[in-house]
Protein chains: 2
Amino acid sequence: MRISARCEYACRAMLELALRFQSGDPVNSTLIAERRGIPEKYLVHILLQLKRSGLVQSVRGAQGGYLLAQAPNTVTLYDIVTAIDGPIEDQLPLGDDASAELRPAWNRVAQGLKSSMQKILLNEIAENADKPDMYYI
Amino acid sequence: MRISARCEYACRAMLELALRFQSGDPVNSTLIAERRGIPEKYLVHILLQLKRSGLVQSVRGAQGGYLLAQAPNTVTLYDIVTAIDGPIEDQLPLGDDASAELRPAWNRVAQGLKSSMQKILLNEIAENADKPDMYYI
DNA sequence: GCACTAATACTCGGATAAATGCTGTCCGAGTTATCATGG
DNA sequence: CCATGATAACTCGGACAGCATTTATCCGAGTATTAGTGC
């Protein structure tokens, strides 16, 4: 039931890309790593994974880097998390060796998780990032 | 974002205890392990953990075993999962080294997860366990 | 039939091993912009 | 001023090492019931 560091790194990177989305030019991995405190060599693999999932575009060569493939208001936390971890059904005990009696319960959990993550848009996070002192209880 | 086998085992064990709750007499670990397909020696540690969290009572000695400490309709999936994995806040990136910008997002996820798990009662699972052919989409 | 003892069936909990997954780095290869150099 | 080549700044992706967690077992100790034994 835990969120991996890899997943948080992905979200931080996506946040950084969202903040620079309007400019239109690519952001290189080194910059993202520095700005968001992510191990640089590790981040590259995460960005490539995000790219394969279609959340990120890349530009090769000098002055290259990464950009969001979609506008931040069309990307949800669910998209990012599943891009990194794979489908949530695979993380819950819903496979062949799982208990049939518990399956409906885990399905409901999966649905709840999915819907709460789908409600969180990347642009919301980015906008809150501008107002530095916000507190959620 | 995944549910450990340990956690599923705990739920299976709780389900078995719920089904035998009315009889009032303790169920030994061997029986639970056989009935629910759980490695026996592993299960013991899980049961003790559930006991420490106050979900389960135990009776030592011959004819001893384990019983639910509360009625099945007062136990939620959330209770079981947090008994095994600890508080969900500890599983999400909400610690000191976490990104402040993402914190509100993870908090909302935690709340969503918590509330969806709190809606699932152990007795509901147990009742569905009687009707063998139920499908959830 | 009763007291006492031994055996048995359990829980309790720490230590530990094996397997798996997570985090992170390294290296080589490919691609594009930029810069330098010569004509 | 232009073409050409070299260099530098990037992405791409597999392989791999180190570490932490998960999963599972082992063993010894404690506790209550049951069975057996002698009187």
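Convention: sequence-line order gives letters A, B, ...; per-chain numbering from 1.
- Contact annotation: A/K51 side-chain N/O to D/dC12 OP1/OP2 distance is under 4.0 Å.
- Partners of B/S53 according to the side-chain hydrogen bond (donor to acceptor under 3.5 Å, both in side chains) rule, which considers only residues two or more places apart in sequence or in another chain, do not exist here.
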Name every donor-acceptor pair, under 3.5 Å, that has one atom in a side chain of residues 114-121 of chain A and the other anywhere in the protein, sequence neighbours excluded.
residue	atom	partner	partner atom	Å
A/S115	OG	A/G112	O	3.3
A/S116	OG	A/L113	O	3.2

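- Clustering of Ile, Leu, Val, Met, Phe, Trp and Tyr by side-chain heavy atoms under 4.5 Å joins A/V59 with A/L67.
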Donor-acceptor contacts under 3.5 Å from residues 86-96 of chain A side chains, at least two apart:
residue	atom	partner	partner atom	Å
A/Q91	NE2	A/D85	O	2.6
A/Q91	NE2	A/P87	O	3.3

Using nucleotides 2-7 of chain C, report all nitrogen or oxygen pairs with the protein that are shorter than 3.5 Å.
none

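- Summary of helix geometry: the two end axes of the helix from C/dG1-D/dC39 to C/dG39-D/dC1, each defined by five base pairs via their C1' atoms, are inclined to each other by 10° (rounded to 10°).
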With B for base contact, S for sugar-phosphate-only contact and - for none (protein heavy atoms under 4.0 Å), nucleotides 18-26 of chain D reads -----BBBB
Enumerate, atom names and distances included, each donor-acceptor pair closer than 3.5 Å involving a side-chain atom of residues 41-50 of chain B, sequence neighbours excluded.
residue	atom	partner	partner atom	Å
B/Y42	OH	B/R6	NH1	3.3
B/Q49	OE1	B/R6	NE	3.2
B/Q49	OE1	B/R6	NH2	2.6
B/Q49	NE2	B/A83	O	3.4
B/Q49	NE2	B/I84	O	3.0

Which letter, B, S or -, goes with each nucleotide of nucleotides 28-33 of chain D from 5' to 3', with contact meaning a protein heavy atom under 4.0 Å? --BBBS
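- For A/S4, the side-chain hydrogen bond (donor to acceptor under 3.5 Å, both in side chains) test picks out no residue, with sequence neighbours left out.
- Residue pairs meeting the salt bridge (Lys or Arg N to Asp or Glu O under 4.0 Å) criterion with at least one member in residues 7-27 of chain A, sequence neighbours excluded, are A/E8-A/R12, A/E16-A/R20, A/E16-A/R36.
- By the side-chain hydrogen bond (donor to acceptor under 3.5 Å, both in side chains) test, A/S99 pairs with A/E101, sequence neighbours left out.
- Among the protein residues, A/S29 comes within range of the sugar-phosphate backbone only, with heavy atoms under 4.0 Å from sugar or phosphate atoms but none that close to a base.
- At the phosphate of C/dC12, OP1 or OP2 sits under 4.0 Å from a side-chain N or O atom of B/S58.
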